[in-house]
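Quick caveat, the model's predicted, so the values are computed rather than measured. Numbers restart at 1 for each chain; the letters A, B, ... are given by sequence-line order, proteins then strands.
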2 protein chains.
Amino acid sequence: MPVDTTADPGAARPASSALTERQEARRRRILQASARLAGRGGFDAVQMREVAECSQVALGTLYRYFPSKVHLLVATMQDQLEHLHATLRRRPPAGDTASARVAETLMRAFRALQREPHLADAMVRALTFADRSVSPEVDQVSRQTTAIILDAMGTPDPTPGQLAAVRVIEHTWHSALITWLSGRASIAQVRTDIETACRLIDHTDPGPGGAS
Amino acid sequence: MPVDTTADPGAARPASSALTERQEARRRRILQASARLAGRGGFDAVQMREVAECSQVALGTLYRYFPSKVHLLVATMQDQLEHLHATLRRRPPAGDTASARVAETLMRAFRALQREPHLADAMVRALTFADRSVSPEVDQVSRQTTAIILDAMGTPDPTPGQLAAVRVIEHTWHSALITWLSGRASIAQVRTDIETACRLIDHTDPGPGGAS
DNA sequence: ATCAAGTCTGAAACTTGTTCTAGATTAACG
DNA sequence: CGTTAATCTAGAACAAGTTTCAGACTTGAT
């Protein structure tokens with residue numbers, strides 16, 4: 001049972017200051033290769049040996065940076081989400097109500113994913129297949145998603161009821177995405193589902209306190 | 001690309017009449033072994049070689065009945081869902097409103113899953129990891145779930161708005177289950193999420209027709 | 001009972017994720 | 001420079017899902 005005396009480049013995220021420039025470059029090459037391979041072929045097309053080869057890194061090194069294929073793809077998703085959030089910030093949604101703005105934002109994100117359905121497939125499958133060992137990373141993705149939704153709402157101080165609604169919207173978003181990716185729901189169906197869930201934002205009567 | 005001139009026992013579902021008694025028995029042994037192995041250890045513990053051994057069937061035969069591990073586990077879920085539905089029918093929920101009855105039913109189902117968290121893990125992971133080749137089976141599970149929810153509502157002729165709400169509830173149910181299974185949400189959180197989604201049933205003002 | 005077609009078995013082979021090892025390279029420090 | 005620890009590389013090895021194959025067994029029809 002090795003005690004891992006080595007520094008883990010994946011763990012040293014605080015300010016990327018712990019990573020050499022060449023290490024940063026390696027990390028970026030890996031994520032790029034991952035996204036590129038995922039773009040054509042989805043989850044199955046991201047083969048660790050090929051990612052290693054494409055990013056000019058040894059297989060062992062790839063595994064030092066990302067301890068599993070799921071870790072790698074979830075990190076890829078973090079990357080893409082950051083881009084998305086930045087893009088969305090630049091052109092905020094223009095709906096009248098909070099729920100309309102959230103629905104518009106999610107549909108915009110959805111259209112972005114539509115442009116690269118294979119990449120979306122790889123990332124979402126990894127996300128839902130992730131076991132406990134990836135929880136921190138998956139949680140980070142979840143927080144990022146929440147942030148995007150809250151941004152779209154534009155509500156500076158959301159009520160507990162609204163936060164509960166946001167959780168349900170997130171659930172709906174993920175699950176609807178999966179059904180679309182596996183061909184069991186149309187795009188129109190996804191829109192309807194999202195809009196239905198978003199309606200919860202306005203009907204925010206009681207807080208969720210009933211559970212305590 | 002072999003043309004598969006052989007009859008597929010998995011496809012011959014119409015009335016189980018196409019299957020010999022011994023074939024039915026094999027099928028049941030396989031599903032039992034699958035559920036047992038999943039019960040201790042979850043998704044990873046269901047190893048095809050071991051399932052074959054436990055059910056006294058050759059590996060090739062196992063693959064003839066269930067063309068992949070995911071197919072096997074989704075079939076296991078179909079099986080369990082039928083049990084659940086039968087059990088729930090015997091003692092229908094007693095809430096005053098439709099949304100209360102649905103929430104109660106789902107929480108009851110949830111408690112059943114809690115008793116076998118590893119089994120739940122295996123089934124749900126398989127369900128969300130399934131690709132297009134498993135769509136028919138996954139869809140069947142989805143229809144079964146919808147039937148359970150509609151049963152709980154007790155509404156003989158649900159409106160389009162209510163059907164839309166049911167879809168969101170299903171999304172929430174699956175996704176919340178996943179977050180609980182991977183340790184990212186507490187049971188209380190799951191209940192809150194389900195109750196929040198169920199609120200949509202009562203607030204069923206406009207139909208979903210707005211999309212057209 | 002016999003034949004043909006389909007099915008089952010046991011075992012090996014193949015694929016891809018993951019781990020391990022030995023040696024080369026790099027980085028930090030004196 | 002030279003040393004030392006960490007990192008990287010190439011490649012073998014291992015694990016589990018999946019495929020393949022030759023031969024034995026069942027089944028159904030005659």
Only pairs under 3.5 Å count here: list side-chain donor-acceptor contacts from residues 144-151 of chain A, not counting sequence neighbours, and write none if there are none.
from     : atom 1 : to       : atom 2 : distance (Å)
A:Gln144 : NE2    : A:His85  : ND1    : 3.4
A:Thr145 : OG1    : A:Val141 : O      : 2.9
A:Thr146 : OG1    : A:Ser142 : O      : 2.9
A:Thr146 : OG1    : A:Glu170 : OE2    : 2.5
A:Asp151 : OD2    : A:His85  : NE2    : 3.1
A:Asp151 : OD2    : A:Arg89  : NH1    : 3.0

Steps toward side chain to side chain contact (heavy atoms under 4.5 Å, CB included) verdict (A:Lys69, A:Val51): CA-CA 10 Å; A:Lys69 175 171 172 170; A:Val51 171; over 6 Å; no
Residue set satisfying side-chain hydrogen bond (donor to acceptor under 3.5 Å, both in side chains) with B:Arg28, at least two apart, ordered chain then number -> B:Glu24
From NE2 of B:His71 over to P of D:dG17, roughly how many Å is that when rounded to an integer? 16 Å
Nearest whole angstrom, please: distance from the P of D:dT9 to the CZ of A:Arg64. 10 Å
Using the test side-chain hydrogen bond (donor to acceptor under 3.5 Å, both in side chains), find all partners of B:Gln189 that sit at least two apart in sequence or belong to another chain. A:Arg167
Side chains of A:Thr172 and B:Thr172 in contact at under 4.5 Å (non-hydrogen atoms): yes
Restricting to pairs with a member in residues 31-58 of chain B, which pass side-chain hydrogen bond (donor to acceptor under 3.5 Å, both in side chains), not counting sequence neighbours? B:Ser34-B:Thr76
Any non-hydrogen side-chain atom of A:Leu31 less than 4.5 Å from a side-chain atom of A:Leu72? yes
Measuring to OP1 and OP2 of C:dT9, would you say a side-chain N or O of B:Gln56 lies under 4.0 angstrom away? no
Would you mind writing out the side-chain donor-acceptor pairs for residues 105-126 of chain A within the sub-3.5 Å range, not counting sequence neighbours?
from     : atom 1 : to       : atom 2 : distance (Å)
A:Thr105 : OG1    : A:Arg101 : O      : 2.9
A:Arg108 : NH1    : A:Arg91  : O      : 2.5
A:Arg108 : NH2    : A:Glu104 : OE2    : 2.9
A:Asp121 : OD1    : A:Arg125 : NH1    : 2.9
A:Asp121 : OD2    : A:Phe43  : N      : 3.3
A:Asp121 : OD2    : A:Arg125 : NH1    : 3.3
A:Arg125 : NE     : B:Phe129 : O      : 3.0

Which pairs with one or both residues in residues 179-190 of chain A pass salt bridge (charged side-chain N to carboxylate O under 4.0 Å, His left out), sequence neighbours excluded? A:Arg184-B:Asp139
Strand contacts (DNA chain C) in residues 29-42 of chain B, 4.0 angstrom heavy-atom criterion: none
Just so I know, are the side chains of A:Val138 and A:Leu127 near enough to count as touching, which here means a heavy-atom distance under 4.5 Å? yes
So if I take the C1' atoms of five pairs at each end of the helix from C:dA1-D:dT30 to C:dG30-D:dC1 and get each local axis, what angle do the two axes make, rounded to 10 degrees? 10°
Over how many whole Å does the gap from B:Glu53 atom CD to D:dA16 atom C1' extend? 14 Å
Could you go through nucleotides 25-30 of chain C and list every protein N or O atom that sits under 3.5 Å from one of its N or O atoms, giving the distance for each pair?
none

Counting primed atoms plus P, OP1 and OP2 as sugar-phosphate and everything else as base, spell out the protein contacts along nucleotides 14-19 of chain C at 4.0 Å heavy-atom distance: B, S or - for each nucleotide, 5' to 3'. --BBBB
Side-chain heavy-atom pair A:Ile201, A:Ile169 within 4.5 angstrom cut-off: yes
Nearest-Å distance for atom pair CG/P, residues B:Leu62 and C:dC8: 12 Å
Mind checking what makes side chain to side chain contact (heavy atoms under 4.5 Å, CB included) contact with A:Arg26, not counting sequence neighbours? A:Arg22, A:Gln23, A:Arg29, A:Val57, A:Thr61, A:Tyr65
Only counting residues at least two apart or in another chain, list the ones meeting side chain to side chain contact (heavy atoms under 4.5 Å, CB included) with A:Ala52. A:Leu59, A:Leu62
